[in-house]
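Within every chain, numbering begins at 1; the chains are lettered A, B, ... in the order of the sequence lines, protein sequences first and strands thereafter.
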Amino acid sequence: MKIERLCAIIEAILFLAGEPVKQGDIMSKLNISDKQMKEAIDLIEKNHSGASGIHLLKFNNKLQFSTNPDVADEVSAVLNPIKEKELSRACLETLAIIAYKQPITRLEVEQIRGVNSEYTFSVLSQHGLIEVVGRKDVIGKPMLFGTTDEFLKRFELSSLEDLPDYEKLLERISIIENPQDHMLYKFDDDFELPEEEEIPDFLKDEIENSPS
Amino acid sequence: MKIERLCAIIEAILFLAGEPVKQGDIMSKLNISDKQMKEAIDLIEKNHSGASGIHLLKFNNKLQFSTNPDVADEVSAVLNPIKEKELSRACLETLAIIAYKQPITRLEVEQIRGVNSEYTFSVLSQHGLIEVVGRKDVIGKPMLFGTTDEFLKRFELSSLEDLPDYEKLLERISIIENPQDHMLYKFDDDFELPEEEEIPDFLKDEIENSPS
Amino acid sequence: MPEIVEQKEEFFIYRLDDFEGPLDLLLHLVKEAKIEIKNIFVSNITEQFLSHMEQLETIDMEKAAEFVDVASTLVEIKVKSLLPKMEEFIIEDEEDPKERLIRQLEEYNLFKEAGEKLKQQENVYRFYKQPDPKVSDSRVILKSMSLGGLLDAFSSMMHKIALQKQAIIPKTIIKDRFTVAEKIDQIKDIISVKKTMSFFELFESDFTKSEMINTFLALLELLRLRVITCYQATLFGDIILTKTGEQDEN
């Protein structure tokens, strides 16, 4: 299939769907290769970004069209769509904890925040930013929460790895939570944990010969 | 306002609305002159026509985005889930009559089947198995129907002549339709038509040697 | 920023309910004082925190409990630092409350910062289109069809039609030649001329069953009306019909 035709098809699909469409669905139903798909997306993005009225959003291997935020005021003046309010500090804090530590229970979030978080959880759920993703296998089987596609879209993230300082933050949290695991080391900010596979040469023989 | 920005605004509005938007509404709410509006529409039309996935429609002083009809099949393949359905017996019957007796009007089919066949005709048309092939030169000029290439494909036939025992079936239909011409037969209640394949031995030679 | 209620000597007093919990307040105090989190116990921040607790009456119970929890930890740490060190009382496994509070505060701080970074990325100015109503409609696709199925349907239909045609072949329903009323008139006509006649004479050879019944019904009607009288000599023999009144004349 010609790339221009594929672009037209994807544009039409995203326009009709309104909602996020999985890239995988488009590829499998139309028998499109990864390479073709990527090429088409790049082309569509070029035409639907910056000053264009319609923007392409890519997140979690899904595609969606949205209006250009720069023209939100004018669009609102004509069509009066429902406008979301910005989140409160408390909600953002809670959302950050859930985003970086998901899946997580409400109790675990409350332990970090030192404050009851029932209200902020309900606000975030109502906005479709978090959802129940399972139950923790402990007494009472508390619900585990995670963030949604709506969260990624609202914060202009293409995936969770896109969260600000994702790796670095997770590492620092791990050090704070489990200091005993890190006591032997002196950390610098840019210190990186060695891969598990890496065993110092001088230890290799010892480990291999020791009874397991 | 710069023309590019106005274009972006109108694009965003039409995208979000999905339905027709009055030009007058856009002009009055955004305080746009006729000239600016016309200029913007021309520019948008240039970008949303031909091979583009989203087309601009202008009618009755309204604007609307719609998908490019050329890609409708592919779009539907992705967005509309498949539901498999079997053809009903009534549809198969009607289809067989049309297949063997085409071109044929609906009334003629109804005379054979003895029941109203409007619904089965519409189902068969929807599935692209039959189509209008002309009009009969009688009062009311009723539509004549015939089977489609899709019909041949579906039943793995290379042509209509591939339908089994075409001549024989035609003959049989005429027997049933005009019993007075063939009074040789006396029907009993448990009379059954022989299978198409069954030809009495003493007739075989005759049929094979007769000119078709 | 929390509202400044009152300026007091070297620090500000903030309303407790401006803070999302005790950690929020503690962290705020640390930032105001521009010190490291781990130095909170060597600064006067804990005192400031405790002095804020005087406002507890004004906030709700749930929030108060959270503040008291942290406050009690702070008091515990303070008390321990004042007591002479007694090694035997230190339980190895239990984490030092001071360490724990510092860790908690550090972690909370990380997420608070992450939340602020998220805030900068938050975009509530995008609008999304409603899905087109046609979107979730399913496409009906025909299951694979066989020629055999088509021919089966066709031949069984032909069979059905053949049976119907047969059923339609009209069973001749011959209209009665005479109704009961007509028969009455007919008999009356005959009897007025012949005065007396045989019952069997009324029937012709091609009479149908219903015609015979009609004739007999007409006869009964005439008897009831006393137009005729009858006489039967033998059982199952002929019936002689006589016009009423004629008999006496004979």
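- Looking at B:L16 and A:P81, their side chains come closer than 4.5 Å, going by heavy atoms from C-beta outward.
- The ring-ring contact (aromatic ring centres under 6.0 Å, His included) check on B:F121 picks up B:F145, with sequence neighbours excluded.
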Between these two chains, chain A and chain B, I want each donor-acceptor atom pair under 3.5 angstrom written on its own line with its distance.
unit_1: A:R5; atom_1: NE; unit_2: B:E74; atom_2: OE2; d: 3.4
unit_1: A:R5; atom_1: NH2; unit_2: B:D70; atom_2: O; d: 3.1
unit_1: A:R5; atom_1: NH2; unit_2: B:E74; atom_2: OE1; d: 3.3
unit_1: A:R5; atom_1: NH2; unit_2: B:E74; atom_2: OE2; d: 2.8
unit_1: A:E11; atom_1: OE1; unit_2: B:G53; atom_2: N; d: 3.0
unit_1: A:G53; atom_1: N; unit_2: B:E11; atom_2: OE1; d: 3.0
unit_1: A:D70; atom_1: O; unit_2: B:R5; atom_2: NH2; d: 3.1
unit_1: A:E74; atom_1: OE1; unit_2: B:R5; atom_2: NH2; d: 3.2
unit_1: A:E74; atom_1: OE2; unit_2: B:R5; atom_2: NE; d: 3.4
unit_1: A:E74; atom_1: OE2; unit_2: B:R5; atom_2: NH2; d: 2.8

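- Contact check for B:L144 versus B:V132: no side-chain heavy atoms found under the 4.5 Å cut-off.
- The part of A:L79 that comes within reach of chain B is its side chain, from C-beta onward, which places non-hydrogen atoms under 4.5 angstrom from that chain.
- When heavy atoms are compared at a cutoff of 4.5 Å, A:A17 approaches chain B by way of both its backbone and its side chain.
- Residues B:A51 and A:A8 share a closest heavy-atom pair of O-CB, 3.2 Å.
- B:L30 touches chain A through its side chain: at least one heavy atom from C-beta onward sits under 4.5 Å away, while N, CA, C and O do not.
- Residues B:V123 and B:L87 have side chains in contact (heavy-atom distance under 4.5 Å, counting atoms from C-beta outward).
- Nearest heavy-atom pair, A:L6 versus A:A40, reported as atom, atom and distance to 0.1 Å: CD2-CB, 3.7 Å.
- A search for ring-ring contact (aromatic ring centres under 6.0 Å, His included) contacts involving A:F15 returns nothing, not counting sequence neighbours.
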